[in-house]
Amino acid sequence: MSTLKAVRGTRDLLPPETALWNRIEAVARSVFARYNFGEIRTPIFEDTALFARGVGEETDIVSKEMYTWEDRARAQSEKTQSLTLRPENTAGVVRAYIEHKLGETGQLAKLYYIGPQFRRERPQKGRYRQFSQIGAEVIGPTHAGSESPLRDAEVLEMLATFLDELGITGWTLKINSVGSSADRPRYIETLRTALAPVVSQMCPDCQRRAETNPLRVLDCKIPEDQPIIDALPRIADSLDEASRDHFAQVCAALDASGVPYTHDHRLVRGLDYYTRTTFEFTHGGLGAQNALLGGGRYDGLSEAIGGPKAPGIGFAMGEDRLVLTLQAQEANQKAAPPQVADTYIAPLGPAQNPAALALARTLRRQGLRVELGDGTFRLKKSFEAADKTARSIVLLGEDEAQSGILTVKVFATGSQSKVPQTELADLLAGLRNT
RNA sequence: GCGGCUAUAGUUCAGGGGCAGAACGCCUGUCUGUGGCACAGGAUGUCGUGGGUUCGAUCCCCACUAGCCGCCCCA
C-alpha cells in the first residue's frame, strides 16, 4: 500500500514555523484593531454562483481554478446545489454584509478575516492550492462615507503600518485607478483601437490578450514589447472627472501621511469587481510571485451579487508570502531564537513521577513553559534531553521530595543550587532575561 | 493548462551498470545522581512509484507522481 501524503499543492505547517504564522496573525489583529476593524469568519465554501457573479465569470479564477462540486440532494424533492471552496474572501464578506443587512446600521462595516482559500493552480513557491489570506474590507452605504478617497488612503496607510510593524523592509506600494464602471469599458475600447495597428508586432501572448483581455497587455514583461506598451494610451486619460478627482485625493492623503508609493499606470487587476483605486504591495526575493498583497475598490460588487449599493475597498495578503519574506530577512540577519522551555523536570526514578507531574502543574499554572521527563530515564539521558529543550533542569529525587528543596541546574552558567519549591518559579522566570 | 530542472539516510547532499556513501543529527559506551566538549563504537535506506533494456539497474530508457524554476494568472 502506498504511503498517504498531503495532496498536491497542500502542505503541513510544523513548529517552529507555525510560531511565525502566529506572530503575523497577532500583528495583523493588533494593527487592524487600532483602525477599529472587527473580525469576520465566513464559511469556507459557498454557492458557486457567488463567485461566478462576484469575481467574474471570465476570470481565470472562476473559469478554471475553482474547486467545485455538486452537493448531494438529501431528498428526492431537493435539488442538488453547486458549491465551491472559496477562492478568495471578498465575495463572501460582501455576501455576509448583504445577508445581515449591515448597511442598515448606517455605519461603515470594517471587517477583517484570516483564513484558508483554495485555487486549483499549478503549485510553486509562494503559491499553493490551499493558501491563507489575511484581508480586510470597508463597506457601507454611500452616506456613511464608503466612497470617500479617505477610506482608500486609510487602508493603504494601515497596510504600510502593518508591514512596518511586522518588520518587513523594502516593500513597494504601487497604486493606480482603473476608473469607474463607466470609465473602464471606455478605456478598453480606446486600448483596442490603439492596439489594432501595432498588435502584430507584439509577442504571441499579447496578441491573444489583445483579443481576450486587452488590459492584460499592460502586464506584459517581454522587453521588446515595452516601447509599444509605453506608447499606448493611459487609463488615467480615460477617467471621468469624478474618478480623476477621487484618485488625486487618495494620493494627496497618502502624501500627507508620508506613505511612499508610485503611480503605476499599468497596474490593472485580474478580478472583474475592481473599480477606481487598485494597488499592490510587492517585495523582491519572492521570485515570480512577487506580490505580497493586492486590493482595490469595488463600488459595484454588492449590486452585482444582488445587494444594495454598497461601495467598498479591501485587500488580501498572501500569508505564505509574508512568511517567505520574513524567513528570507531573518536568514540574512539573525536566526529567530528557537522555542525553549523554562525548565525540564527530571524525576529520579518512577516513584517520583507523580510528584513530578504535580510540580509541573504548579509551575505551568504560574505561566512557565515546562518539559516533563520520565523517571525511567537514566539521569544522564535526562540531562541530555533537558539541555536540548530547556534552559534549566530540576532534579526531583527522594531527597528533594522529602525536603521540598529542589536541585536546579542552569545550563547557561552551569551553576547548580538547592532551591525551596516556593522560590522555584521566580528563579526560573528570572532566567528568561539572561 | 504549457515548458525546463530535480527526486539517494531524520536533514543537507555526493556518487555511480556488479557489497549504498559523506557531513550534521540520532543511539551506545568511556561516565550507574550530572548535559555541552572529546574519544571509541553503532544503526541508518524498498536509492519517489510502475514498467522496459541488460546476465545484472539505485545508475540507461519510458511513463506516472511529487517538488523547484519559468509561462499563464494571481496573494
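The sequence lines fix the lettering, A, B, ..., with proteins before strands; numbering per chain opens at 1. Side chains are part of it too, since the values below use all heavy atoms of this structure and drop only hydrogens, waters and symmetry mates.
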What does A:Gly349 touch in the nucleic acid at a heavy-atom separation under 4.0 angstrom: a base, only the sugar-phosphate, or nothing?
-> nothing
Figure out the NZ/C1' separation between A:Lys174 and B:rC74, and round it to whole Å.
-> 13 Å
Which part of the nucleic acid does A:Gln117 contact within heavy-atom distance under 4.0 Å: base, sugar-phosphate only, or nothing?
-> nothing
First locate atom CZ of A:Arg120, then atom CD of A:Glu65, and finally report the distance between them rounded to the nearest 0.5 Å.
-> 10.0 Å
Rounding to the closest angstrom, what is the interatomic distance between B:rU6 and B:rU44 at atom P?
-> 30 Å
Of all the nucleotides listed (B:rG33, B:rG35, B:rC68), which has the minimum atom distance to the side chain of A:Thr407?
-> B:rG33
Compare side-chain N and O positions of A:Arg378 against OP1 and OP2 of B:rC31 and report whether any pair is under 4.0 Å apart.
-> no
Between OG1 on residue A:Thr376 and NZ on residue A:Lys381, distance to nearest 0.5 Å | 7.5 Å
Is A:Arg391 close enough and on-axis enough to A:Phe411, meaning under 6.0 Å and within 45°, for cation-pi?
-> no
From the list B:rC74, B:rC68, B:rG33, which nucleotide is the closest neighbour of the side chain of A:Lys125?
-> B:rC68
For the pair made of CZ in A:Arg129 and C1' in B:rU65, what is the distance, rounded to whole Å?
-> 12 Å
B:rU32 P sits how many Å from A:Glu384 CD, rounded?
-> 13 Å
Return the nearest nucleotide to the side chain of A:Arg122; candidates are B:rG4, B:rC74, B:rG36.
-> B:rG4
Using atom CG of A:Leu218 as one end and atom C1' of B:rC73 as the other, report the distance to the nearest whole Å.
-> 15 Å
Closest listed nucleotide, where the reference is the side chain of A:Asp399 and the choices are B:rG33, B:rC74, B:rC68 | B:rG33
side-chain N/O A:Arg391 vs B:rG36 OP1/OP2, d < 4.0 Å = no
A:Gln124 side chain N/O closer than 4.0 Å to the phosphate oxygens (OP1, OP2) of B:rG70?
-> yes
Centroid-centroid under 6.0 Å between A:Phe45 and A:Trp69 rings | yes
Quick one: label A:Gly295 by what it contacts on the DNA or RNA (base, sugar-phosphate, nothing), any heavy atom closer than 4.0 Å.
-> nothing
Check every strand shown and say whether A:Ala386 touches a base, only sugar-phosphate, or nothing at a heavy-atom separation below 4.0 Å.
-> nothing
Which part of the nucleic acid, if any, lies within reach of A:Leu348 when heavy atoms closer than 4.0 Å are counted: base, sugar-phosphate only, or nothing?
-> base
Just checking A:Arg120: base, sugar-phosphate only, or nothing, at a heavy-atom cut-off of under 4.0 Å?
-> sugar-phosphate
Any N/O donor-acceptor pair, A:Glu400 side-chain to B:rG33 base, under 3.5 Å | yes
Quick one: does A:Lys409 reach the base of B:rU34 with a side-chain donor-acceptor pair under 3.5 Å?
-> yes
Check every strand shown and say whether A:Gly414 touches a base, only sugar-phosphate, or nothing at a heavy-atom separation below 4.0 Å.
-> base
Are OP1 or OP2 of B:rG67 and a side-chain N or O of A:Arg8 less than 4.0 angstrom apart?
-> yes
Of A:Asp387 and A:Leu293, whose nearest nucleotide on RNA chain B comes first from the 5' end?
-> A:Asp387
Assess A:Lys380 against A:Phe383: is NZ or CZ under 6.0 Å from the centre of the six-membered ring, and within 45 degrees of the ring's axis?
-> no
N/O (side chain, A:Lys388) to phosphate O (OP1/OP2, B:rC26) under 4.0 Å = yes
Between B:rC71, B:rU30, B:rG33, which nucleotide has the shortest distance from any of its atoms to the side chain of A:Arg127?
-> B:rC71
Sugar-phosphate only, base, or nothing, as touched by A:Glu121 at under 4.0 Å among non-hydrogen atoms | base
